[in-house]
There are 2 protein chains.
Amino acid sequence: MNPEIISFVKDHFTELSEPSLQEGIASAGVIREFKEGEVIMNFGSFVKGVPLVVKGSIKVVREDEEDNREVLLYFLKAGETCSMSFSCCMMEKRSDIRTTAEDDSKIIIIPIKYANDWMSTYPSWRNFVMRSYDSRMQELVKTLDSIAFKKMDERLWDYLMKRSKAHNAKSIHSTHQEIANDLNASREAISRLLKQLEKKGSIALERNKIVLL
Amino acid sequence: MNPEIISFVKDHFTELSEPSLQEGIASAGVIREFKEGEVIMNFGSFVKGVPLVVKGSIKVVREDEEDNREVLLYFLKAGETCSMSFSCCMMEKRSDIRTTAEDDSKIIIIPIKYANDWMSTYPSWRNFVMRSYDSRMQELVKTLDSIAFKKMDERLWDYLMKRSKAHNAKSIHSTHQEIANDLNASREAISRLLKQLEKKGSIALERNKIVLL
DNA sequence: ATTTGAATGTGATTTAAATCACCGATCCTA
DNA sequence: TAGGATCGGTGATTTAAATCACATTCAAAT
């Protein structure tokens, strides 16, 4: 039983307000920390538990079956959980996603057994899980929209906004190539569009860094 | 209490095997039928219950916020449920999708209250719901992959396969324009690609109809 | 301080698909 | 059966982005 966990839950998961559930999380949960860039879970690995993010920002991507190209699914920040992982461990199947820490991050891992039991015992847990499924689903559909309908310039802008939100900072630390990968675009196209944004005065470009204005 | 429902459940939802759950579904559920092309649920409407598909094929699409373009999300067939609807009614919010009957279809509607209660009482129901969330999620991600990585010819072929599977038939009854809408492409492009497929001997083209060979 | 490799900038070319502009064929209905 | 509407076919043009081919800039290591 880890009292630190209780305060994390109170801070970031207000919905999970039953004291006995909070105690359950504090007893069953394990805190894990990841450095920026560190891979939390890779393709093909078994998921040992449900992750509750308490600090930082997690990037969730999926790898294409044929090629080894990636699709960015979404970012997770404090107060959120990964529904994909959730269903993975419910179904006891291998992960088809990869999660990496975008920033230094802290996560509470809830072993499957508890996550599952609580679905019947705690309405608030059940609700939390359902709500989280729902919002992940919404995210996915929005991403779909975006890829289907929008042109690169708008997608890039949306992406910069999303990342800035996930980090809660106005500067984004990565190379044009990395951004191009996330958007499934060419590095040149991204460089040119970023230049345009810079000319418009929306951003400032530095090496390995983009500052939103 | 409707004995017809029990047999539908036994036939198509084998996972839901507890007799008391089956009886619950038979008591609480309402059978609704829809003709081909009929709109089952529209954008913005409140979702009154969870739909279990027992016959036919349901098309689930989402409308873009800005333009009024549509994205095809997936097809549902007998034995499946719409997670989107599920979360909609759990959250008691308006639908952001539209579902239409692709074929003449039959659906059992489970009122929210029961669908929700059963989450705690019946592990098999809970599992069914979770599994369904999972597979819808998978579908979405696959669609995402497809839009992000594949070229029109391949997407078209996948689409034809998917529709043929959903209908369980080797002929597809729609116009090139309708297919173009689903794939978010131009009618001309689809016509040309279909012609190519015909030349390769994969399909035969008729007015309003495509036959897979 | 010089090298070396990664990050970025930029022009030229190619490509998939959208768009535009029209055609004829087929169906429906008055 | 005549006439409009819908469906499908096809060429020409335009467009967004990928790709190719470099040049430049920067930062860190030798």
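Every chain is numbered from 1 and lettered A, B, ... according to where its sequence line falls, protein lines coming before strand lines. Predicted model only: the values in this text are computed from it and were never measured.
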Proximity to the side chain of [X] - top-ranked nucleotide from [options]:
| X | options | answer |
| --- | --- | --- |
| B:R192 | C:dG9, D:dC7, D:dT10 | D:dT10 |
| A:A185 | C:dA17, D:dA18, C:dT26 | D:dA18 |
| B:E188 | C:dA6, C:dA16, C:dC20 | C:dC20 |
| B:S191 | D:dA21, C:dT19, D:dG9 | D:dG9 |
| A:K151 | C:dG11, C:dA7, D:dA16 | D:dA16 |

Find the distance [X]:[atom1] to [N]:[atom2] and express it as a whole number of Å.
| X | N | atom1 | atom2 | value |
| --- | --- | --- | --- | --- |
| B:R187 | D:dA5 | CZ | P | 17 Å |
| A:E206 | C:dG9 | CD | P | 12 Å |
| A:M152 | C:dA18 | CE | P | 17 Å |
| A:N208 | D:dA27 | CG | P | 9 Å |
| B:F149 | D:dA17 | CZ | P | 16 Å |
| A:L205 | D:dC26 | CG | P | 13 Å |
| B:L194 | D:dC7 | CG | P | 15 Å |
| B:E154 | C:dA17 | CD | C1' | 16 Å |

For A:T175, report the nucleic acid contact type (base, sugar-phosphate, nothing); a contact means any heavy atom under 4.0 Å.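 The answer is sugar-phosphate, as A:T175 gets under 4.0 Å only of primed atoms, P, OP1 or OP2.
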Applying the side-chain contact (heavy atoms from CB on, under 4.5 Å) test to A:I25, which of A:I6, A:I110, A:N2 qualifies?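 That would be A:I110; it is the only one of A:I6, A:I110, A:N2 passing the side-chain contact (heavy atoms from CB on, under 4.5 Å) with A:I25.
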Quick check: any donor-acceptor pair below 3.5 Å linking the side-chain of A:R207 to the base of C:dA6?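 Indeed there is one.
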Examine D:dG9: is either OP1 or OP2 under 4.0 Å from a nitrogen or oxygen in the side chain of B:K195? Give yes or no.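 Yes, within the criterion.
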OP1 or OP2 of D:dG9 under 4.0 Å from side-chain N/O of B:H176: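 It does, given that an N or O in the side chain of B:H176 lies less than 4.0 Å from OP1 or OP2 of D:dG9.
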How far does CZ of B:R131 sit from OG of B:S83, to the nearest 0.5 angstrom?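 One finds 12.5 Å between CZ of B:R131 and OG of B:S83.
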Parallel, tilted or perpendicular for A:Y133 and B:Y133, by the 30°/60° rule?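 The rings of A:Y133 and B:Y133 sit tilted, inter-plane angle from 30° to 60°.
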Can you classify the ring geometry of B:Y159 versus B:F75 as parallel (below 30°), tilted (30 to 60°) or perpendicular (above 60°)?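 Ring orientation of B:Y159 relative to B:F75: tilted.
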Would B:R136 count as a cation-pi partner of B:Y74, with NZ or CZ less than 6.0 Å from the six-membered ring centre and within 45° of the ring normal?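 Satisfied, under 6.0 Å and within 45°.
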